[in-house]
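Single-structure report; data block below.
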Amino acid sequence: MTERHILRIHFHLPDTSDADVYERLVEQLHGISPRTQALPPADADCDVTGALRYYGRTPYELAQLIQLRALALYGIATTIGSAGNRMLAAMAADATAPGGISHLDNSPEAIAGFLRPRPIGALYGVGPATANLLARHGLHTIGTAADTPPGTLQRLLGKTHGRLLHERARGIDDRSVVPQATARSCSADHVFDRDELDPDRHRQALLGLTEHLGTILRTERQIVRRLTLTVRYADRTATVRTRTLTEPTHHTAALTRAAYDIYATLGLQRARVRGIALRAEDLQPAERATTQLTFDPGDDKRRRIEAAADKARARFGPAAVIPATTAIPGTPGPCRSYE
DNA sequence: TCTGGGGTCCTAGGACCC
DNA sequence: TCTGGGGTCCTAGGACCC
């Protein structure tokens, strides 16, 4: 593989900043290299391999240019790590003082010098649980993990994690920067004003969520194959249930039936519910939908109403049509996630 | 610096089929 | 006819990133 040059950019966004400031900053990066992947809410990865030649600059100089632009145009400070792959760039950024730039040379010596002395928990993919487990086996630094045979790591962590840990401890990370990644999932949630015990109000909230998700999915021409319901309780615990749909869909009626179904399997008895979230997972292009075999005339009518409502929303805005039964203050917040 | 929550990936185990 | 191993699909839950 030819040598790559990756930047991890962290924007120091004030809490009060507009949501679209971040989007405009990412747009700026696109101008420097189209191979830019947004990592909301405040980061981005930028593959500048091709941009180096175009601009005739080193990675460090490009990082300076990015810092200058963000500061001059938006008054936003940035911290940037520069390295030969995404993991090293992210780790370099982590090890950099706010507002600084770190460039990690791509030589094996420089990479080993950077990685080996660091605590194992500093490695990408190693959280507190894994770090603890490894420490119990005497592996405290990234260097010791790099020297451990892959088979040993795999016995400790499982096949995939063991292999990845061994590669990463040696500075290897093949993940590419994926611009414009398509959404993997899409979710909506509802928080009750006070802990809610009434199942009717739970279902009412669910209806608002399926209505909302259905609208997003139809707008984006996607269908969903899996639904996950999360119910949060007053004691801060939660129940999570996933259901694979018999047929991928983006129709609100089908989503509502599935959501009510999952809700019913919980068998809640006077549970103090704080909030309900619904996630549409395993999204696919709507063109892939199999032919609808349902000839329920009620469904057909609901879909015509749904199509009319979508049109009204497109013309007059999202609040134009709201199901009469969803008398819920506040609109559920959409949340798109990108890989 | 710490915390929390949303999103993603992985694994284990069960059900089912061949 | 019975058994068992290997796929595949699905769900719950754990772990991690940000």
Side-chain angles (χ1 to χ4, degrees), chain A residues 8-13 15 19 22 25-26 37-45 78-81 85-98 119-135 153-165 167-169 173-175 177-178 181-191 209 212-213 216 224-233 235-248 258 261-263 265-267 274-283 332-339:
Chain A
R8 159 63 60 91
I9 298 104
H10 174 75
F11 299 111
H12 296 273
L13 298 168
D15 292 339
Y22 172 72
L25 286 162
V26 172
Q37 180 172 345
L39 303 169
D43 294 75
D45 275 353
T78 52
T79 303
I80 301 181
N85 63 46
R86 296 185 64 185
M87 174 189 77
L88 291 171
M91 290 179 69
D94 275 350
T96 306
I120 189 71
L123 193 63
Y124 179 80
V126 178
T130 307
N132 263 325
L133 175 72
L134 294 172
L153 297 176
Q154 288 183 321
R155 276 193 294 281
L156 288 176
L157 302 173
K159 216 169 131 193
T160 309
H161 277 136
R163 180 179 56 80
L164 284 175
L165 175 70
E167 287 179 1
R168 287 168 176 168
D173 175 21
D174 289 335
R175 292 172 306 146
V177 176
V178 186
T182 51
R184 294 291 188 86
S185 70
C186 141
S187 72
D189 70 298
H190 177 86
V191 179
L209 298 179
H212 185 71
L213 285 181
I216 291 177
V224 53
R225 219 174 76 86
R226 243 179 18 233
L227 267 190
T228 293
L229 173 70
T230 303
V231 177
R232 297 193 182 286
Y233 307 103
D235 64 359
R236 307 177 73 81
T237 60
T239 309
V240 183
R241 287 292 176 274
T242 300
R243 168 78 49 97
T244 300
L245 305 180
T246 47
E247 185 176 44
D261 226 42
I262 306 173
Y263 175 80
T265 65
L266 297 182
R274 183 152 294 177
I276 294 181
L278 199 62
R279 167 190 311 287
E281 297 171 333
D282 208 343
L283 303 184
C335 181
R336 313 287 288 159
S337 70
Y338 299 88
E339 198 211 359

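Letters A, B, ... mirror the listed sequences (proteins, then strands); counts begin at 1. Because the structure is predicted, anything quoted here is derived from the model rather than measured.
Between A:Asp282 atom CG and C:dC10 atom C1' there is a gap of 12 Å when expressed in whole angstrom units. The separation between A:Arg175 atom CZ and B:dT8 atom P is 15 Å, rounded to whole Å. Atom CG in A:Leu278 sits about 17 Å away from atom C1' in B:dG5, given to the nearest Å. When rounded to the nearest whole Å, the span between CD1 of A:Ile276 and P of B:dG5 equals 16 Å. Rounded to a whole Å, the CG atom of A:Leu213 is 10 Å from the P atom of B:dG7. Protein atom CG of A:Asp43 is 16 Å distant from nucleotide atom P of B:dT8, rounded to whole Å. A:Glu247 has its CD atom 14 Å from the P atom of C:dC10, to the nearest Å. Regarding A:Leu283, its CG atom lies at a distance of 9 Å from the P atom of B:dT8, rounded to whole Å.
Looking at residues two or more places apart in sequence or on another chain, you find no ring-ring contact (aromatic ring centres under 6.0 Å, His included) involving A:His161. Every salt bridge (Lys or Arg N to Asp or Glu O under 4.0 Å) that A:Asp173 has, sequence neighbours left out, goes to A:Arg175. A:Thr130 meets the side chain to side chain donor-acceptor pair (under 3.5 Å) test with no other residue; sequence neighbours excluded. With sequence neighbours excluded, the residues forming a side chain to side chain contact (heavy atoms under 4.5 Å, CB included) with A:Leu164 are A:Thr160, A:Glu167, A:Arg168, listed by chain and number. Residues meeting the side chain to side chain donor-acceptor pair (under 3.5 Å) test with A:Arg274, sequence neighbours left out: A:Asp195. Remark: A:Asn85 engages no residue in a side chain to side chain donor-acceptor pair (under 3.5 Å) (not counting sequence neighbours). With sequence neighbours excluded, no residue forms a side chain to side chain donor-acceptor pair (under 3.5 Å) with A:Asn132. A:Thr265 pairs by the side chain to side chain contact (heavy atoms under 4.5 Å, CB included) definition with A:Arg243, A:Ile262, not counting sequence neighbours. For the ring-ring contact (aromatic ring centres under 6.0 Å, His included) test, no residue two or more places apart in sequence or in another chain qualifies with A:Phe11.
Put simply, CZ on A:Arg86 and CG on A:Asp174 are 12.0 Å apart, with the number rounded to the nearest 0.5 Å.
In DNA chain C, runs of at least 3 stacked Watson-Crick or G-U pairs (N1-N3 plus N6-O4 or O6-N4, or N1-O2 plus O6-N3, all under 3.5 Å) give these stems: B:5-18 with C:5-18.
Residue A:Arg232 has no polar side-chain atom (N or O) positioned under 4.0 Å from OP1 or OP2 of B:dG5. Phosphate proximity of C:dC10 to A:Thr242: absent, as no side-chain N or O sits under 4.0 Å from OP1 or OP2.
Nearest to the side-chain atoms of A:Arg279 among the listed nucleotides C:dC10, B:dC9, B:dG6 stands B:dG6. Closest to the side chain of A:Arg225, out of B:dG7, B:dG6, C:dC10, is C:dC10.
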Polar atom pairs (N or O), protein with nucleotides 1-4 of chain B, under 3.5 Å:
none

Distances for protein N/O vs nucleotides 11-18 of chain B N/O pairs under 3.5 angstrom?
{"from": "B:dT11", "atom 1": "OP1", "to": "A:Thr160", "atom 2": "N", "distance (Å)": "3.2"}
{"from": "B:dT11", "atom 1": "OP1", "to": "A:Thr160", "atom 2": "OG1", "distance (Å)": "3.0"}
{"from": "B:dT11", "atom 1": "OP2", "to": "A:Thr160", "atom 2": "OG1", "distance (Å)": "3.3"}

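A:Leu164 comes within 4.0 angstrom of no nucleic acid atom, judged by non-hydrogen atoms across all strands.
The residue among A:Val240 and A:Ala131 whose nearest nucleotide of DNA chain C is located toward the 5' end is A:Val240.
With A:His10 as reference, A:Asp43 is the one residue of A:Asp94, A:Asp43, A:Thr79 to meet the side chain to side chain donor-acceptor pair (under 3.5 Å) rule.
Residues A:Thr78 and A:Leu25 form no side-chain contact, since every pair of their non-hydrogen atoms from C-beta on lies 4.5 Å or further apart.
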